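Every value quoted in this text rests on a predicted model; they were computed, and no experiment measured them. Counting convention: from 1, in listed order, for ligands and their atoms alike.
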Amino acid sequence: MLVDSGRLHIAVQKSGRLADYSRGLLRDAGLKIQNGKNALTARVDNFPIDLMFVRDDDIPTFVADGVCEFGMVGRNVLEEFALDQPEARFEVIAPLGFGRCALKIAAPEATPYRGPESLAGARVATSYPRLTRRFLDERGIDATVVRMNGAVELAPRLGIAGFICDLVSTGATLEANGLVPVETVMESEAVLVRTLKPLSAAKQGLSDNLWRRIEGVLATQE
Ligand code: PRT
Ligand code: ZN
């Protein structure tokens, strides 16, 4: 268990698409982050704040449990988590303007597609089974969701599924695999998320201060 040291904890992706942007935003907000790219944590010199470098998939859990008071994570990861853990308590404070992408259903070019009803009876491979299931359920489509943890775009070629549901930014990966998007399940970008666990007065003040600083940076980016 983490002892409440009175320090605030921010969960950011250790490495990956959000990592540099997340640290950059905190630096722009005036936080002097100690170096050490491979460390699991970093202290902030000028505020009682620690950064925790973790897998993006773990960020919602850390924030909901209050282990970290703040996190920066893709809305796609957060919403998939929330569908699995409806009792998890956190609030989305703001979109952060980076990590933009869309969760899309795609199929091989030759697949005939006339709308969501074309998905009836199909198999859809995805790393986002709950978001995909919700999309299908909302449209009353009976299809099989096949969970894959990576290389989802290979599923049609391997005969695992006729459709995929995956994140798309430039569309180059779909194209390289002979796939075309047919439906958008959700638009996503990185968001700032805050725990709903009650904070001590000191931490609440620090939390408000941090958010004001981040808000200031975001305002200059509009
Ligand atoms: O190690 P860790 O678990 O932390 O990282 P990760 O590998 O799970 O995540 P990472 O770094 O790949 O992505 C982190 C977040 O970035 C995602 O959750 C999204 O919110 C966001 N993001 C933005 C993307 C993309 N764009 C994106 N294009 N995440 C993944 N992709 C992948 C996509 O899955 C596909 O394989 O990129 C490929 C498609 O890209 P295009 O440009 O060819 O369309
Ligand atoms: Zn991940």
Side-chain angles (χ1 to χ4, degrees), residues 9-26 36-42 51-65 67-68 70-85 88 90 92-109 124-135 145-158 160-161 163-194 218 221:
H9 305 88
I10 310 174
V12 298
Q13 191 187 27
K14 182 173 192 294
S15 60
R17 292 168 188 267
L18 309 180
D20 289 346
Y21 289 107
S22 301
R23 288 180 217 203
L25 176 55
L26 293 171
K37 258 226 151 176
N38 292 316
L40 296 178
T41 64
L51 304 195
M52 317 282 260
F53 302 126
V54 297
R55 294 282 307 266
D56 66 344
D57 316 78
D58 292 331
I59 293 175
T61 310
F62 285 1
V63 174
D65 289 353
V67 171
C68 293
F70 283 94
M72 293 181 178
V73 65
R75 198 185 282 280
N76 49 300
V77 170
L78 194 64
E79 287 205 12
E80 180 74 16
F81 169 82
L83 288 174
D84 186 40
Q85 312 270 327
F90 57 80
V92 174
I93 310 278
L96 295 175
F98 57 83
R100 284 210 178 86
C101 56
L103 185 63
K104 293 192 180 194
I105 297 178
E109 275 147 4
V124 186
T126 185
S127 308
Y128 294 90
R130 295 177 192 87
L131 288 168
T132 303
R133 170 61 59 206
R134 182 176 69 181
F135 176 91
V145 175
V146 182
R147 191 201 179 110
M148 286 178 70
N149 292 317
V152 170
E153 60 279 355
L154 295 180
R157 236 184 299 156
L158 298 175
I160 293 166
F163 292 84
I164 69 164
C165 183
D166 199 10
L167 298 174
V168 179
S169 47
T170 62
T173 304
L174 289 187
E175 207 184 321
N177 288 284
L179 302 169
V180 289
V182 295
E183 296 288 346
T184 297
V185 172
M186 77 177 289
E187 304 281 349
S188 184
E189 68 183 283
V191 294
L192 181 68
V193 57
R194 181 161 60 185
L218 297 177
Q221 291 174 349

* Which atoms form the tightest heavy-atom contact between Val185 and Leu131, and what is the distance? -> CG1-O, 3.9 Å
* Structure fact -> For Asn149 and Ser127, the nearest pair of non-hydrogen atoms, with its separation, is C-OG, 3.9 Å
[atom] - nearest protein heavy atom and its distance:
atom                    : value
atom 18 (O) of ligand 1 : Asn76 ND2, 2.9 Å
atom 36 (O) of ligand 1 : Asp166 OD2, 3.9 Å
atom 38 (C) of ligand 1 : Thr173 OG1, 3.6 Å

Have a look at ligand 1 and work out which part of [X], if any, has a heavy atom under 4.0 Å from it: side chain, backbone, both or neither.
X      : result
Val168 : both
Arg100 : backbone
Val73  : neither
Val77  : side chain
Val152 : neither

* To do: For atom 21 (C) of ligand 1, state which one of Ser15, Ser169, Gly99 supplies the nearest heavy atom.
  => Gly99
* Asked: Out of Glu80, Lys14, Gln13, Arg17, whose heavy atom sits nearest atom 4 (O) of ligand 1?
  -> Gln13
* Asked: Any idea how Tyr21 and Phe98 line up, ring-wise: parallel (<30°), tilted (30 to 60°), or perpendicular (>60°)?
  -> parallel
* Quick one: which of Ile105, Thr132, Asp166 gives a side chain to side chain contact (heavy atoms under 4.5 Å, CB included) with Thr126? -> Thr132
Does [X] use its side chain to pair, donor to acceptor, with the backbone of [Y] at less than 3.5 Å?
X      : Y      : value
Glu189 : Gly97  : yes
Ser188 : Asn76  : yes
Glu109 : Val180 : no
Gln13  : Leu18  : yes

* Under 3.5 Å: N/O of Arg55 near N/O of ligand 1 -> yes
* So, for atom 7 (O) of ligand 1, does the protein have a heavy atom nearer than 4.0 Å? -> no
* Answer yes or no: does atom CD of Glu175 have more than 12 heavy-atom neighbours from other residues, nucleotides or ligands under 6.0 Å? => no
* To do: May I ask you to list the atoms of ligand 1 that are less than 4.0 angstrom from any heavy atom of Thr170?
  => 41 (P), 42 (O), 43 (O), 44 (O)
